[in-house]
Amino acid sequence: MTERYAESLTIEGVSTGYRDRRIIDGLTLPPFAPGEVVSLIGPNAAGKTTLLRALAGLLPAEGSVRLGERELMGVSLESRARLVTYMPQSLPQRVALTVLEAVIGAERASAVDRTEATRDAIVGRAMDVIERVGIAHLAMAGLDHLSGGQRQLASLAQALVRTPRVLLLDEPISALDLHYQLKVMKLVRALSRERGMIIVMVLHDLAIAARWSDRVVVLSGGTVAADGPPAAAITPEVLAKVYKVTARVHSQPAGLHIDIEDTLPL
Amino acid sequence: MTDSPAATTVTREAAVLAYGEALRRRTAIVVGLGVLCLVAFALDISTGPSALPLRDVWAGLFNPDALTPPQVTIIRDVRLPYALMAILVGAALSLAGAEMQTILNNPLASPFTLGVSSAASFGAALAIVLGLSLPFIPPDWMVPLNAFIAAFASVLLLEALARSRAAGVEGVVLFGIALVFTFNALVALLQFVASQEALSQLVFWGMGSLTRATWSNLTVLAVVLLAVVPFSLRSAHAMTALRLGEDRARSFGIDIARLRFLSLLRISALAATAVAFVGTIGFIGLVGPHIARLMLGEDHRFLLPASMLTGALVMSLASVVSKVLVPGALLPVGIVTSMIGVPVFLLLILRRPERV
């Protein structure tokens, strides 16, 4: 489409957490390549959302997060927001804004580029992403009249309109039906391929993570339990260790076939 | 869904048109509210215990020679400042309420319901009883300044509470009620120790009233409003984004801590100045923004100015009602706004169960 991004995202020695407890301590990962779709998986309280929020600059953190040569730690939220966008899990329910207004608001909140645009251009860009996530028919509907799934798509459109280089998605498909789950995954992959956007998403569904990611990072207790292509990261051993389940995993042309068989004692 | 290009184009153009239409409609509503304010203002200056028809009022403003000196005095020094004060106080309190509701993410927030007005009246009372003065600060500014300091302290407390996870939306309101009781008790204590002269001034805060509007008071309030409004409007985009969640807004590059702090400064300045001159007038800051939100939604570029206008309108009409409700008597306008405000407040509480 337009410019293709070519910087990788490097995470080195990142420590973060909340006031009274540290969740992640000195996490280092091999760089995320431009255009890579990365899934973060792991049990509850593994630190997945915490890591995303730290990467977005929403949590105080130590260590180094670099995009290409640019250090993101310590730069202002505004400069960081030009490169990185975080999509939280939920969009508030009772807000008297239309989908289109919310998306325009997301772009205008802080200038993505400094050039002043005409209203038609702004509305046009917003409608582009609204169409891409498949809710053009809801553009003028109020957020307070949408279902949970529709709000999630509106929320995704808000993140996309900022054309970030790094897109951080916190359970982007948790409220969606099968059709839209696939649609969003296809969209995510297309964006990464077209623009070289790095996409890091927290997912709960292992099969979807395996099918649609280039790389899977398994977190457990704030540390990396496995990291690599889906077939290398999602193995019976890892699942047993991290989720305490027995499973069989078969490689298939369309991805991994994962059979969860039983729970293991905790 | 809409994968065929033709269908897509139609939807898109329709959306662009609909958005333009929505913007025009909102602009029209804001202009309409402005006109209604002017009408209410005209109504306000032409009602009062001394029967003066609108024609005489007009003459009193622009052609004073046509009337007797007492009539001119009534119009120029009583009715006009009262009516202007109603407009300015309504606008100030309602803008403060609109910002508070967004910043604290609490539909029940307003200077009155959360105790900011009570704090301000305590600050004002303190300045009067102790006869505080500072070099280089004119006496007219001393009472509002002290009201502002107290109001700002209370707003900082409220904000700290709203951010701690322990208190939900209701918790903040309960804390606000506790603030109301506390400051009312402190004002009562001041009344107890106050001189006779100061006491008569203090009693006036018990019920908000426009009867102390003077031209110098009006000037101070107008200056504060003019200083605050541009900054409010400049943060409209950021406030709209904040409505979609704090993490999201920050991820869009908005410095929420700074936005909050500056907004709280504005809220304190508006509430404190209003309270210093007219006492605690309840519920305008609650009712105004809710009317505006129902009409225009939450795009703050429209919500903030519309809130000012709805606040001014309600206040102006309340002032009219306060003059005609009991023939021959001038009710304190705070009584009228409470009669309007309490049902709205209850309705808002009862309507909220689905939100956590």
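Each chain gets a letter, A, B and so on, in the order the sequences are listed, and its residues count up from 1. Quick caveat: nothing in here was measured; it's all calculated off a predicted structure.
- Take A:Glu7 and apply the salt bridge (Lys or Arg N to Asp or Glu O under 4.0 Å) test, not counting sequence neighbours, and it matches A:Arg70, A:Arg165.
- No part of B:Leu303 comes within reach of chain A, as not one of its non-hydrogen atoms sits under 4.5 angstrom from that chain.
- Contact residues of residues 262-269 of chain B toward chain A are absent (heavy-atom distance under 4.5 Å).
- Counting heavy-atom pairs under 4.5 Å between each of A:Leu77, A:Asp128, A:Ile130, A:Leu58 and chain B puts A:Leu58 at the top.
- Using modelled atom types, no side-chain atom of A:Ser155 and backbone atom of A:Arg151 make a donor-acceptor pair closer than 3.5 Å.
- Between the side chain of A:Thr16 and the main chain of A:Ala61, no donor-acceptor pair closer than 3.5 Å is present.
- For chain B, the nearby part of A:Ile104 is the side chain; its heavy atoms alone come within less than 4.5 Å.
- Residue contact with chain B, scored on non-hydrogen atoms closer than 4.5 Å, is absent for A:Ser79.
- Distance CZ/A:Arg80 to CD/A:Glu78: 14.0 Å, rounded to 0.5 Å.
- Side chain of A:Glu36 to backbone of A:Ile198: no donor-acceptor contact under 3.5 angstrom is found.
- Under the 3.5 Å distance criterion, the side-chain polar atoms of B:Ser94 are left unmatched by any main-chain donor or acceptor of B:Ala91.
- Only the side chain of A:Leu143 comes within contact range of chain B, judged by heavy atoms closer than 4.5 Å.
- Aromatic ring orientation, B:Phe345 versus B:Phe283: tilted (interplanar angle from 30° to 60°).
- Of the two parts of A:Ala56, neither the backbone nor the side chain holds a non-hydrogen atom closer than 4.5 Å to a non-hydrogen atom of chain B.
- The contact between B:Ala241 and chain A is made entirely by side chain atoms (from C-beta outward), counting heavy-atom distances below 4.5 Å.
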